[in-house]
Amino acid sequence: MRRGPAPLALVVYGALSVLTLAVALARGTSPVETDAWLGLPDWARHGLSVAAGVLLAVLTVRATRLFVKRWGWAKMLHADLRPAVRDAGDGTILVLGIASGVAEELFFRGLLAPALGLVFSSLAFGALHQLRGRIGWIWATWAAVMGLLFGGVFLATGSLVGPIIAHASINVMNLRFLRDTEVEPTKPRRLGGLLGRT
């Protein structure tokens with residue numbers, strides 16, 4: 001935990017969580033509950049949120065592996081992100097996966113989504129994941145889509161419990177997959193004929 005970006009990341013996620021809780025306290029609102037789109041009784045909100053979160057986590061983890069196996073853009077993203085976690089231990093992955101899942105859900109869904117709307121909060125979440133280089137827009141788009149899904153569960157059920165479970169689970173499982181799976185990115189094809197000659 002002492003080496004690499006983990007300590008700095010924990011400080012950032014901790015500060016983001018504290019900021020979110022302070023703003024929610026100042027507003028007199030809850031960062032983990034909001035008015036639900038669905039007319040659910042209080043006892044059903046958290047249960048449905050957890051069920052939707054678990055389903056979203058399972059589908060996303062499976063989709064990630066399928067995408068990396070089949071599509072060049074996913075292989076490229078995997079290959080470019082892998083160096084960040086290649087040497088990370090299980091403890092580091094667990095702590096970072098949970099810390100990022102909790103902090104980002106509190107801030108982007110718990111604080112921003114009710115105040116600014118699902119689409120804007122999801123675009124902001126995607127923008128946070130923008131990176132330099134060839135994968136920048138792919139990673140940002142993926143994050144924005146996931147933000148829409150996490151936010152949809154939160155706003156539909158009124159409970160942030162499911163999105164937190166989904167986000168943290170996806171992070172931990174996909175970080176382990178990223179660390180443990182070496183993927184060769186798809187190489188561009190050479191053009192034939194005159195265009196292929198240098």
Side-chain angles (χ1 to χ4, degrees), residues 5-38 40 45-46 48-61 63-64 67 77 81 84-85 93-132 135-175 178:
L8 177 61
L10 288 178
V11 169
V12 170
Y13 291 132
L16 190 61
S17 296
V18 169
L19 171 68
T20 302
L21 295 174
V23 171
L25 183 63
R27 288 182 176 173
T29 60
S30 170
V32 295
E33 292 184 332
T34 191
D35 293 331
W37 289 346
L38 302 175
L40 298 171
R45 293 163 41 132
H46 296 298
L48 183 58
S49 178
V50 169
V54 169
L55 179 62
L56 179 57
V58 169
L59 293 176
T60 302
V61 167
T64 300
F67 293 170
L77 179 62
L81 290 176
V85 295
I93 286 176
L94 184 66
V95 170
L96 285 178
I98 292 172
S100 60
V102 170
E104 290 175 358
E105 287 309 305
L106 284 172
F107 182 74
F108 287 98
R109 260 59 70 184
L111 185 65
L112 293 188
L116 303 175
L118 177 60
V119 172
F120 182 82
S121 62
S122 300
L123 291 174
F125 183 63
L128 175 76
H129 289 78
Q130 177 65 47
L131 301 171
R132 279 190 276 171
I135 62 159
W137 288 107
I138 297 171
W139 186 228
T141 302
W142 176 268
V145 169
M146 292 309 303
L148 285 169
L149 295 173
F150 294 141
V153 171
F154 174 51
L155 295 174
T157 64
S159 170
L160 195 62
V161 177
I164 287 174
I165 290 170
H167 196 156
S169 300
I170 291 165
N171 283 356
V172 171
M173 288 186 274
N174 279 353
L175 284 172
L178 190 63

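In this text, all values refer to a predicted model and were calculated from it rather than measured experimentally.
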J.: Atom CG of Leu178 and atom CE of Met173: how far apart are they, to the nearest 0.5 Å?
T.: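 One gets 14.5 Å once the value is rounded to the nearest 0.5 Å.
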J.: Can you tell me how far CG of Leu118 sits from CG of Leu148, rounded to the nearest 0.5 angstrom?
T.: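 Going from the CG atom of Leu148 to the CG atom of Leu118 covers 5.0 Å.
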J.: Indicate yes or no for a side-chain donor-acceptor contact from Ser169 to the backbone of Ile165 under 3.5 Å, with no hydrogens or angles considered.
T.: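 At least one qualifying donor-acceptor pair exists.
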J.: Run the numbers on Leu96 and Val85 for side chain to side chain contact (heavy atoms under 4.5 Å, CB included), then give the verdict.
T.: CA-CA 11 Å; Leu96 285 178; Val85 295; over 6 Å; no
J.: Grab the two heavy atoms, one from Leu21 and one from Pro31, that are nearest each other, plus how far apart they are.
T.: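 Smallest interatomic distance, heavy atoms only, reads CD2-CG, 3.7 Å.
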J.: Quick check: do Leu155 and Thr34 have side-chain heavy atoms less than 4.5 Å from each other?
T.: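 Of all side-chain heavy-atom pairs linking Thr34 with Leu155, at least one is under 4.5 Å.
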J.: Answer whether the closest heavy-atom distance between the side chains of Leu77 and Trp139 falls below 4.5 Å.
T.: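 Answer yes - side chains close enough.
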J.: At their closest point, which heavy atom of Thr157 faces which heavy atom of Ser49, and how far apart are they?
T.: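 Looking at all heavy atoms of both residues, the closest pair is OG1-CB, 3.4 Å.
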J.: Supply the atom-to-atom distance Met146 CE to Trp142 CH2, rounded to the nearest 0.5 angstrom.
T.: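 With rounding to 0.5 Å, CE (Met146) is 6.5 Å from CH2 (Trp142).
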J.: Say you draw a straight line from CG of Leu56 to OG1 of Thr60; how long is it, rounded to the nearest 0.5 Å?
T.: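 Result: 4.0 Å between the selected atoms.
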J.: Hey, does the side chain of Ser100 reach the backbone of Gly97 with a donor-acceptor pair shorter than 3.5 angstrom?
T.: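 Checking the backbone N and O of Gly97 against the side chain of Ser100, a donor-acceptor pair under 3.5 Å is found.
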J.: Might you point out which heavy atoms bring Leu48 and Leu40 nearest each other, and give the distance in Å?
T.: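 Smallest heavy-atom distance, with atoms named: CD2-CD1, 3.7 Å.
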J.: To the closest 0.5 Å, what do you measure between CG (Leu116) and CG (Leu123)?
T.: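 Taking CG in Leu116 and CG in Leu123, the distance rounds to 11.5 Å.
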J.: Looking at every heavy atom in both Ile98 and Ala168, which two are closest together, and how far apart are they?
T.: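 That would be CA-CB, 4.0 Å.
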J.: Indicate the ring-plane relationship of His167 and Phe150, choosing parallel, tilted or perpendicular according to the 30° and 60° boundaries.
T.: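 His167 and Phe150: parallel rings.
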J.: Could you go step by step and tell me if Leu128 and Phe108 meet the side chain to side chain contact (heavy atoms under 4.5 Å, CB included) rule?
T.: CA-CA 10 Å; Leu128 175 76; Phe108 287 98; 3.7 Å; yes
J.: Could you state the interatomic distance from CG (Leu111) to CG (Leu19), rounded to the nearest 0.5 Å?
T.: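 Here the interatomic distance stands at 7.0 Å.
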J.: Checking the side chain of Arg45 only, and the main-chain atoms of Gly158 only, is there a donor and an acceptor separated by less than 3.5 Å?
T.: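 Side chain of Arg45 to backbone of Gly158, a donor-acceptor pair under 3.5 Å: yes, one is there.
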J.: Looking at Gly151 and Arg109, what are the two nearest heavy atoms and their distance?
T.: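 Closest heavy-atom pair between Gly151 and Arg109: CA-CG, 3.5 Å.
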J.: Can you name the nearest heavy-atom pair linking Leu106 to Thr20, along with the distance?
T.: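 So the two residues come closest at O-CG2, 3.2 Å.
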